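See structure below.
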Amino acid sequence: MPELPEVEVVRRGLQDHVVGRTLARAEFYGTRVARRHLPGAHHLAEQLGGNHVAEARRRGKYLWMVLDTPDGSRHGLITHLGMSGQLLVEDPGAPDEKHLHARFTFDDEGPELRFVDQRTFGGMALSDLDDDGVPEAIEHIAPDPLEAAFDAKAVVAAMKKRHSAVKRALLDQDLVSGIGNIYADEALWRAQVHGERLCSTLTKPTLHRVLDHAREVMLEALGQGGTSFDALYVNVNGASGYFDRSLNAYGQEGRPCRRCGTLIRRESFMNRSSFSCPRCQPRPRTLGR
DNA sequence: AGAAAATCCTGCCTGC
DNA sequence: TGCAGGCAGGATTTTC
(Lines give C-alpha, C1' and ligand atoms only; values in the text may rest on other atoms or scores of the structure.)
Protein backbone atom coordinates (compact mmCIF):
# COMPACT_ATOMS: atom_id res chain seq x y z
CA MET A 1 0.00 0.00 0.00
CA PRO A 2 2.74 2.49 0.56
CA GLU A 3 3.26 3.95 -2.89
CA LEU A 4 5.33 6.94 -3.94
CA PRO A 5 3.62 9.64 -1.82
CA GLU A 6 3.61 7.52 1.32
CA VAL A 7 7.25 6.55 0.86
CA GLU A 8 8.19 10.19 0.27
CA VAL A 9 6.50 11.15 3.55
CA VAL A 10 8.68 8.56 5.29
CA ARG A 11 11.78 9.84 3.50
CA ARG A 12 11.09 13.34 4.78
CA GLY A 13 10.76 11.92 8.26
CA LEU A 14 14.20 10.35 7.94
CA GLN A 15 15.53 13.65 6.64
CA ASP A 16 14.23 15.43 9.73
CA HIS A 17 15.08 12.86 12.38
CA VAL A 18 17.94 10.67 11.20
CA VAL A 19 20.12 12.43 8.63
CA GLY A 20 23.20 13.94 10.23
CA ARG A 21 23.33 11.39 13.04
CA THR A 22 25.77 8.52 13.52
CA LEU A 23 24.64 4.94 14.03
CA ALA A 24 25.87 3.22 17.15
CA ARG A 25 24.38 -0.18 16.44
CA ALA A 26 21.92 -2.02 14.19
CA GLU A 27 20.02 -5.16 15.16
CA PHE A 28 17.94 -7.39 12.92
CA TYR A 29 15.40 -9.84 14.27
CA GLY A 30 14.76 -12.94 12.19
CA THR A 31 16.14 -13.52 8.73
CA ARG A 32 13.30 -12.37 6.54
CA VAL A 33 13.88 -8.61 6.75
CA ALA A 34 17.37 -9.04 5.29
CA ARG A 35 16.50 -11.76 2.75
CA ARG A 36 17.56 -9.51 -0.14
CA HIS A 37 20.88 -8.85 1.56
CA LEU A 38 22.59 -12.00 0.34
CA PRO A 39 25.43 -12.10 2.92
CA GLY A 40 22.72 -12.25 5.60
CA ALA A 41 21.34 -10.28 8.53
CA HIS A 42 24.42 -10.73 10.70
CA HIS A 43 26.69 -9.30 8.03
CA LEU A 44 24.26 -6.43 7.45
CA ALA A 45 24.27 -5.46 11.11
CA GLU A 46 28.08 -5.63 11.26
CA GLN A 47 28.48 -3.25 8.35
CA LEU A 48 26.37 -0.49 9.90
CA GLY A 49 27.92 0.34 13.26
CA GLY A 50 29.61 3.75 13.30
CA ASN A 51 28.12 4.78 9.95
CA HIS A 52 27.15 8.41 9.51
CA VAL A 53 23.81 9.07 7.81
CA ALA A 54 24.58 11.56 5.06
CA GLU A 55 21.33 11.59 3.07
CA ALA A 56 17.87 10.04 2.81
CA ARG A 57 16.89 9.40 -0.81
CA ARG A 58 14.07 7.78 -2.73
CA ARG A 59 13.26 6.41 -6.16
CA GLY A 60 9.72 5.19 -6.69
CA LYS A 61 8.82 3.08 -3.69
CA TYR A 62 12.45 2.47 -2.69
CA LEU A 63 14.13 4.42 0.07
CA TRP A 64 17.78 4.46 0.88
CA MET A 65 20.05 6.11 3.40
CA VAL A 66 23.44 7.18 2.07
CA LEU A 67 25.91 6.07 4.72
CA ASP A 68 29.52 7.13 5.28
CA THR A 69 31.46 4.31 6.87
CA PRO A 70 34.19 4.77 9.50
CA ASP A 71 36.83 3.82 6.92
CA GLY A 72 35.78 6.60 4.59
CA SER A 73 33.75 4.70 2.02
CA ARG A 74 30.11 5.20 1.16
CA HIS A 75 27.22 2.82 0.58
CA GLY A 76 23.41 2.76 0.66
CA LEU A 77 21.02 1.06 3.05
CA ILE A 78 17.96 0.27 0.95
CA THR A 79 14.54 -0.04 2.56
CA HIS A 80 11.39 -1.22 0.80
CA LEU A 81 8.23 -0.99 2.88
CA GLY A 82 6.42 -3.70 0.93
CA MET A 83 2.77 -3.89 1.97
CA SER A 84 2.96 -2.96 5.60
CA GLY A 85 6.47 -1.80 6.48
CA GLN A 86 6.91 1.17 8.80
CA LEU A 87 9.98 3.17 9.79
CA LEU A 88 9.34 4.67 13.19
CA VAL A 89 11.35 7.17 15.22
CA GLU A 90 10.83 6.34 18.88
CA ASP A 91 12.19 6.77 22.35
CA PRO A 92 14.54 3.92 23.23
CA GLY A 93 12.34 3.02 26.18
CA ALA A 94 9.18 2.45 24.13
CA PRO A 95 7.97 -1.17 24.24
CA ASP A 96 8.90 -3.35 21.28
CA GLU A 97 6.25 -3.69 18.61
CA LYS A 98 4.90 -7.16 17.86
CA HIS A 99 6.36 -7.12 14.36
CA LEU A 100 9.63 -5.35 15.08
CA HIS A 101 12.25 -6.52 12.57
CA ALA A 102 15.10 -4.05 12.99
CA ARG A 103 16.35 -1.46 15.46
CA PHE A 104 18.92 1.29 14.89
CA THR A 105 20.43 3.16 17.80
CA PHE A 106 22.57 6.28 17.54
CA ASP A 107 25.66 7.50 19.28
CA ASP A 108 23.82 10.60 20.54
CA GLU A 109 21.50 8.37 22.58
CA GLY A 110 18.54 10.19 21.02
CA PRO A 111 15.47 8.52 19.52
CA GLU A 112 16.01 5.17 17.80
CA LEU A 113 14.81 4.11 14.38
CA ARG A 114 12.74 0.93 14.07
CA PHE A 115 11.52 -1.14 11.15
CA VAL A 116 8.15 -2.72 11.91
CA ASP A 117 6.40 -4.89 9.31
CA GLN A 118 3.32 -7.02 9.82
CA ARG A 119 3.06 -8.74 6.45
CA THR A 120 6.82 -9.06 5.98
CA PHE A 121 6.89 -8.09 2.30
CA GLY A 122 9.29 -5.31 3.18
CA GLY A 123 13.03 -5.61 3.56
CA MET A 124 16.43 -3.96 3.91
CA ALA A 125 19.70 -4.48 2.08
CA LEU A 126 23.07 -2.83 1.69
CA SER A 127 24.29 -1.89 -1.76
CA ASP A 128 27.12 -0.04 -3.43
CA LEU A 129 26.14 3.26 -5.02
CA ASP A 130 26.67 4.20 -8.64
CA ASP A 131 28.03 7.56 -9.81
CA ASP A 132 24.61 9.15 -9.36
CA GLY A 133 24.33 7.88 -5.80
CA VAL A 134 21.70 5.26 -6.74
CA PRO A 135 22.14 1.78 -5.25
CA GLU A 136 23.33 -0.71 -7.83
CA ALA A 137 20.83 -3.23 -6.51
CA ILE A 138 17.92 -1.11 -7.75
CA GLU A 139 19.35 0.16 -10.99
CA HIS A 140 16.60 -1.68 -12.85
CA ILE A 141 13.99 0.57 -11.18
CA ALA A 142 12.89 3.32 -13.58
CA PRO A 143 12.82 6.99 -12.55
CA ASP A 144 9.54 8.04 -10.96
CA PRO A 145 7.32 10.87 -12.26
CA LEU A 146 8.56 13.32 -9.62
CA GLU A 147 12.22 13.00 -10.58
CA ALA A 148 14.07 15.38 -12.85
CA ALA A 149 15.34 12.31 -14.72
CA PHE A 150 11.78 11.25 -15.58
CA ASP A 151 11.30 11.29 -19.35
CA ALA A 152 7.57 11.09 -20.04
CA LYS A 153 8.05 11.05 -23.78
CA ALA A 154 10.35 8.03 -23.60
CA VAL A 155 7.95 6.21 -21.28
CA VAL A 156 5.05 6.87 -23.63
CA ALA A 157 7.08 5.53 -26.55
CA ALA A 158 7.93 2.39 -24.58
CA MET A 159 4.32 1.90 -23.54
CA LYS A 160 3.09 2.27 -27.09
CA LYS A 161 5.16 -0.78 -28.04
CA ARG A 162 3.74 -2.95 -25.26
CA HIS A 163 1.12 -5.57 -25.95
CA SER A 164 -0.25 -5.58 -22.46
CA ALA A 165 -2.91 -3.81 -20.43
CA VAL A 166 -2.21 -0.17 -19.61
CA LYS A 167 -2.67 -0.80 -15.89
CA ARG A 168 -0.08 -3.56 -16.00
CA ALA A 169 2.34 -1.09 -17.58
CA LEU A 170 1.63 1.54 -14.91
CA LEU A 171 2.46 -1.01 -12.23
CA ASP A 172 5.71 -2.10 -13.93
CA GLN A 173 8.43 -0.47 -11.84
CA ASP A 174 10.99 -1.01 -14.60
CA LEU A 175 8.94 1.24 -16.88
CA VAL A 176 7.87 3.98 -14.47
CA SER A 177 8.27 3.64 -10.74
CA GLY A 178 6.28 4.67 -7.71
CA ILE A 179 2.78 3.81 -8.94
CA GLY A 180 0.86 1.06 -7.14
CA ASN A 181 -2.69 -0.21 -7.28
CA ILE A 182 -4.28 2.84 -5.65
CA TYR A 183 -2.71 5.57 -7.78
CA ALA A 184 -2.96 3.49 -10.95
CA ASP A 185 -6.73 3.30 -10.48
CA GLU A 186 -6.93 7.00 -9.65
CA ALA A 187 -4.87 8.01 -12.70
CA LEU A 188 -6.97 5.82 -14.99
CA TRP A 189 -10.20 7.27 -13.55
CA ARG A 190 -8.96 10.80 -14.13
CA ALA A 191 -7.87 9.95 -17.65
CA GLN A 192 -11.14 8.09 -18.28
CA VAL A 193 -9.37 4.99 -19.52
CA HIS A 194 -10.13 1.38 -18.54
CA GLY A 195 -7.03 -0.32 -17.15
CA GLU A 196 -7.43 -3.39 -19.33
CA ARG A 197 -7.14 -1.48 -22.57
CA LEU A 198 -3.98 -2.49 -24.37
CA CYS A 199 -1.17 0.06 -24.43
CA SER A 200 -0.61 -0.47 -28.13
CA THR A 201 -4.20 0.47 -28.95
CA LEU A 202 -4.08 3.76 -27.05
CA THR A 203 -2.84 6.93 -28.72
CA LYS A 204 0.34 8.57 -27.51
CA PRO A 205 -1.58 11.64 -26.28
CA THR A 206 -3.82 9.34 -24.25
CA LEU A 207 -0.83 7.55 -22.74
CA HIS A 208 0.66 10.93 -21.96
CA ARG A 209 -2.55 11.97 -20.25
CA VAL A 210 -2.56 8.83 -18.11
CA LEU A 211 1.01 9.48 -16.99
CA ASP A 212 0.33 13.15 -16.31
CA HIS A 213 -2.62 12.21 -14.14
CA ALA A 214 -0.53 9.67 -12.27
CA ARG A 215 2.00 12.39 -11.50
CA GLU A 216 -0.67 14.87 -10.47
CA VAL A 217 -2.61 12.55 -8.22
CA MET A 218 0.56 11.45 -6.44
CA LEU A 219 1.57 15.09 -5.91
CA GLU A 220 -1.85 15.89 -4.47
CA ALA A 221 -1.68 12.88 -2.18
CA LEU A 222 1.77 13.94 -1.02
CA GLY A 223 0.32 17.33 -0.13
CA GLN A 224 -2.10 15.58 2.22
CA GLY A 225 0.46 13.33 3.85
CA GLY A 226 -0.40 10.29 1.73
CA THR A 227 -3.25 7.78 1.68
CA SER A 228 -4.12 5.50 4.57
CA PHE A 229 -6.96 3.06 5.16
CA ASP A 230 -5.88 1.82 8.55
CA ALA A 231 -3.01 2.09 11.00
CA LEU A 232 -0.66 0.16 8.70
CA TYR A 233 0.63 3.13 6.79
CA VAL A 234 2.03 5.89 8.97
CA ASN A 235 4.83 8.45 8.91
CA VAL A 236 7.87 8.13 11.17
CA ASN A 237 5.87 9.59 14.03
CA GLY A 238 3.03 7.10 13.64
CA ALA A 239 0.52 9.51 12.06
CA SER A 240 -1.65 8.78 8.99
CA GLY A 241 -2.26 10.90 5.90
CA TYR A 242 -5.77 11.69 4.77
CA PHE A 243 -5.79 11.52 0.97
CA ASP A 244 -8.19 8.56 1.22
CA ARG A 245 -10.95 11.17 1.48
CA SER A 246 -10.03 12.37 -1.98
CA LEU A 247 -10.06 9.00 -3.76
CA ASN A 248 -12.40 8.86 -6.73
CA ALA A 249 -12.10 5.21 -7.71
CA TYR A 250 -9.98 3.03 -5.45
CA GLY A 251 -12.08 1.39 -2.75
CA GLN A 252 -15.22 3.22 -3.93
CA GLU A 253 -17.25 0.23 -5.16
CA GLY A 254 -20.97 1.00 -5.14
CA ARG A 255 -20.45 4.73 -4.62
CA PRO A 256 -21.53 7.18 -7.33
CA CYS A 257 -18.82 8.36 -9.69
CA ARG A 258 -18.04 11.97 -8.80
CA ARG A 259 -18.08 12.84 -12.49
CA CYS A 260 -21.20 11.12 -13.83
CA GLY A 261 -22.99 9.47 -10.91
CA THR A 262 -22.75 5.91 -12.24
CA LEU A 263 -21.87 3.45 -9.48
CA ILE A 264 -18.17 2.57 -9.30
CA ARG A 265 -17.50 -1.10 -10.03
CA ARG A 266 -14.87 -3.48 -8.75
CA GLU A 267 -13.22 -6.01 -11.05
CA SER A 268 -10.50 -8.56 -10.52
CA PHE A 269 -7.31 -7.93 -12.46
CA MET A 270 -3.79 -9.21 -11.95
CA ASN A 271 -4.89 -11.04 -8.81
CA ARG A 272 -6.04 -7.84 -7.17
CA SER A 273 -8.96 -5.41 -7.29
CA SER A 274 -9.45 -2.68 -9.83
CA PHE A 275 -12.00 0.07 -9.34
CA SER A 276 -13.42 2.11 -12.20
CA CYS A 277 -16.48 3.92 -13.51
CA PRO A 278 -18.47 1.75 -15.96
CA ARG A 279 -19.54 4.82 -17.93
CA CYS A 280 -16.42 7.00 -17.93
CA GLN A 281 -14.10 4.00 -18.35
CA PRO A 282 -15.77 1.48 -20.64
CA ARG A 283 -14.13 -1.93 -20.90
CA PRO A 284 -12.27 -2.58 -24.16
CA ARG A 285 -14.44 -4.33 -26.73
CA THR A 286 -12.02 -7.13 -27.40
CA LEU A 287 -11.08 -8.99 -24.26
CA GLY A 288 -7.70 -9.84 -25.73
CA ARG A 289 -4.46 -10.13 -23.87
C1' DA B 1 12.13 -12.76 -25.33
C1' DG B 2 8.13 -10.89 -23.75
C1' DA B 3 4.00 -11.66 -21.13
C1' DA B 4 1.58 -13.56 -17.41
C1' DA B 5 0.95 -16.54 -13.55
C1' DA B 6 2.72 -18.20 -9.06
C1' DT B 7 4.75 -17.09 -4.81
C1' DC B 8 5.85 -15.00 -0.39
C1' DC B 9 3.15 -13.33 4.43
C1' DT B 10 -0.17 -11.89 8.49
C1' DG B 11 -4.39 -10.04 10.17
C1' DC B 12 -8.96 -8.98 9.53
C1' DC B 13 -13.42 -10.03 8.00
C1' DT B 14 -17.25 -13.02 6.48
C1' DG B 15 -19.97 -17.07 6.40
C1' DC B 16 -21.14 -21.52 8.02
C1' DT C 1 -17.38 -20.09 19.39
C1' DG C 2 -14.41 -21.59 16.18
C1' DC C 3 -12.63 -22.48 11.95
C1' DA C 4 -12.02 -22.24 6.99
C1' DG C 5 -11.60 -19.30 3.27
C1' DG C 6 -11.20 -14.86 1.00
C1' DC C 7 -8.92 -10.61 0.68
C1' DA C 8 -5.27 -6.96 0.96
C1' DG C 9 -0.96 -6.75 -2.86
C1' DG C 10 4.72 -5.27 -4.43
C1' DA C 11 8.44 -7.47 -6.26
C1' DT C 12 10.75 -11.52 -7.54
C1' DT C 13 10.66 -16.14 -9.47
C1' DT C 14 8.83 -19.42 -12.44
C1' DT C 15 6.29 -20.83 -16.34
C1' DC C 16 4.44 -20.44 -20.87
Side-chain angles (χ1 to χ4, degrees), chain A residues 1-8 10 28-38 58-64 78-87 96-102 115-125 127 135-142 144 157-188 195-201 214 218 226-234 240 244 247 249-254 265-275 284 286-289:
Chain A
M1 299 261 234
E3 302 179 27
L4 188 155
E6 293 76 35
V7 177
E8 174 61 15
V10 173
F28 295 90
Y29 309 112
T31 54
R32 195 166 156 77
V33 61
R35 68 194 182 283
R36 308 262 179 239
H37 185 79
L38 301 181
R58 180 191 57 74
R59 167 164 281 181
K61 304 170 193 171
Y62 284 87
L63 275 172
W64 67 95
I78 302 169
T79 301
H80 195 290
L81 301 176
M83 290 284 301
S84 56
Q86 305 173 333
L87 283 173
D96 287 2
E97 289 78 5
K98 182 174 179 188
H99 300 287
L100 178 66
H101 294 285
F115 184 67
V116 175
D117 187 10
Q118 176 191 104
R119 296 180 199 166
T120 76
F121 277 29
M124 303 181 120
S127 173
E136 291 174 359
I138 60 164
E139 278 183 322
H140 63 289
I141 299 297
D144 66 60
M159 287 176 83
K160 185 71 187 161
K161 290 178 189 164
R162 290 217 177 183
H163 299 281
S164 65
V166 61
K167 182 168 177 180
R168 187 180 288 277
L170 288 179
L171 295 175
D172 184 345
Q173 306 298 302
D174 294 352
L175 190 61
V176 50
S177 70
I179 304 170
N181 204 38
I182 296 173
Y183 297 112
D185 277 5
E186 292 301 308
L188 290 164
E196 290 186 52
R197 293 186 65 183
L198 297 182
C199 289
S200 50
T201 66
M218 291 195 293
T227 301
S228 180
F229 298 100
D230 50 34
L232 276 187
Y233 160 67
V234 293
S240 295
D244 57 309
L247 295 176
Y250 185 85
Q252 306 302 304
E253 182 183 18
R265 70 182 154 205
R266 180 166 75 94
E267 297 170 298
S268 190
F269 175 66
M270 285 176 74
N271 245 351
R272 66 202 63 191
S273 291
S274 288
F275 299 88
T286 52
L287 293 167
R289 250 195 316 255

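Computation of the quantities below employed the complete heavy-atom set of this structure, encompassing side-chain atoms and omitting hydrogens, waters and symmetry-equivalent molecules. Letters A, B, ... mirror the listed sequences (proteins, then strands); counts begin at 1. A quick note: this is a predicted structure, and the numbers were derived from the prediction, not measured.
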Check your understanding: Below 4.0 angstrom from OP1 or OP2 of C:dA11, is there any side-chain N or O of A:H80?
Key -> yes

Check your understanding: Can you tell which of C:dG10, C:dT12, B:dA4 lies closest to the side chain of A:S164?
Key -> B:dA4

Check your understanding: Phosphate oxygens OP1/OP2 of B:dT10: is one of them under 4.0 Å from a side-chain N or O of A:K98?
Key -> no

Point to revise | Residue-phosphate contact under 4.0 Å: A:H99 side-chain N/O, B:dG11 OP1/OP2 | key: yes

**Study point:** Pair A:K61-A:D144, salt bridge (charged side-chain N to carboxylate O under 4.0 Å, His left out): steps then yes or no
**Key:** CA-CA 9 Å; A:K61 304 170 193 171; A:D144 66 60; over 6 Å; no

Check your understanding: Under 4.0 Å: is that the gap between some side-chain N or O of A:R32 and OP1 or OP2 of B:dC8?
Key -> no

Exercise for review: Answer yes or no: does a side-chain N or O of A:S273 lie under 4.0 Å from OP1 or OP2 of C:dA8?
Suggested key: yes

Exercise for review: Remember a base hit wins even if backbone is also touched, and classify A:K161 as base, sugar-phosphate or nothing at under 4.0 Å, heavy atoms.
Suggested key: nothing

Practice item. Could you check how far CE of A:M270 sits from C1' of C:dA8, rounded to whole Å? Key: 15 Å

Exercise for review: Please tell me which of the listed nucleotides, B:dC9, C:dT12, B:dA3, lies nearest to the side chain of A:R119?
Suggested key: B:dC9

Check your understanding: Taking only N and O in the side chain of A:R168, is any of them less than 4.0 Å away from OP1 or OP2 of B:dA5?
Key -> yes

Exercise for review: Check whether any side-chain N or O of A:Q173 sits under 3.5 Å from a backbone N or O of A:I179 as a donor-acceptor pair, and report yes or no.
Suggested key: yes

Review point. Start at the 5' end of DNA chain B and walk down; is the nucleotide closest to A:R162 or to A:N271 reached first?
Key: A:R162

Review point. Tell me: CZ of A:R59 to C1' of C:dA11, nearest whole Å?
Key: 17 Å

Review point. In whole angstroms, how far is the C1' atom of C:dT12 from the NZ atom of A:K61?
Key: 13 Å

Review point. Is there a donor-acceptor pair closer than 3.5 Å between any side-chain N or O of A:R162 and the backbone N or O of A:M159?
Key: no

Exercise for review: Give the rounded distance in Å between these two atoms: CG of A:D117 and P of C:dG10.
Suggested key: 14 Å

Revision key, fill the gap. To the nearest angstrom, the CZ-P distance between A:R272 and C:dC7 comes to 14 Å

Check your understanding: Can you find a side chain N or O atom of A:H163 that sits less than 4.0 Å from OP1 or OP2 on B:dA4?
Key -> no

Exercise for review: For B:dG11, take OP1 and OP2 only and decide whether either is under 4.0 Å from a side-chain N or O of A:Q118.
Suggested key: no

Review point. Hey, does the side chain of A:E186 reach the backbone of A:A249 with a donor-acceptor pair shorter than 3.5 angstrom?
Key: yes

Check your understanding: A:H101 has an atom NE2; how far is it from atom P of B:dT10, in whole Å?
Key -> 9 Å

**Study point:** Rounded distance in Å - NE2 (A:H140) to P (C:dT13)
**Key:** 9 Å

Review point. Shortest non-hydrogen contact from A:K167 to A:F269?
Key: CB-CE2, 3.8 Å

Practice item. Give a yes or no answer on whether the side chain of A:Q118 reaches the backbone of A:S84 with a donor-acceptor pair at less than 3.5 Å. Key: no

**Study point:** Spacing between A:R266 atom CZ and C:dG6 atom P, to the nearest angstrom
**Key:** 13 Å

Review point. So what does A:R35 hit on the nucleic acid, given a heavy-atom distance under 4.0 Å: a base, only sugar-phosphate, or nothing?
Key: nothing

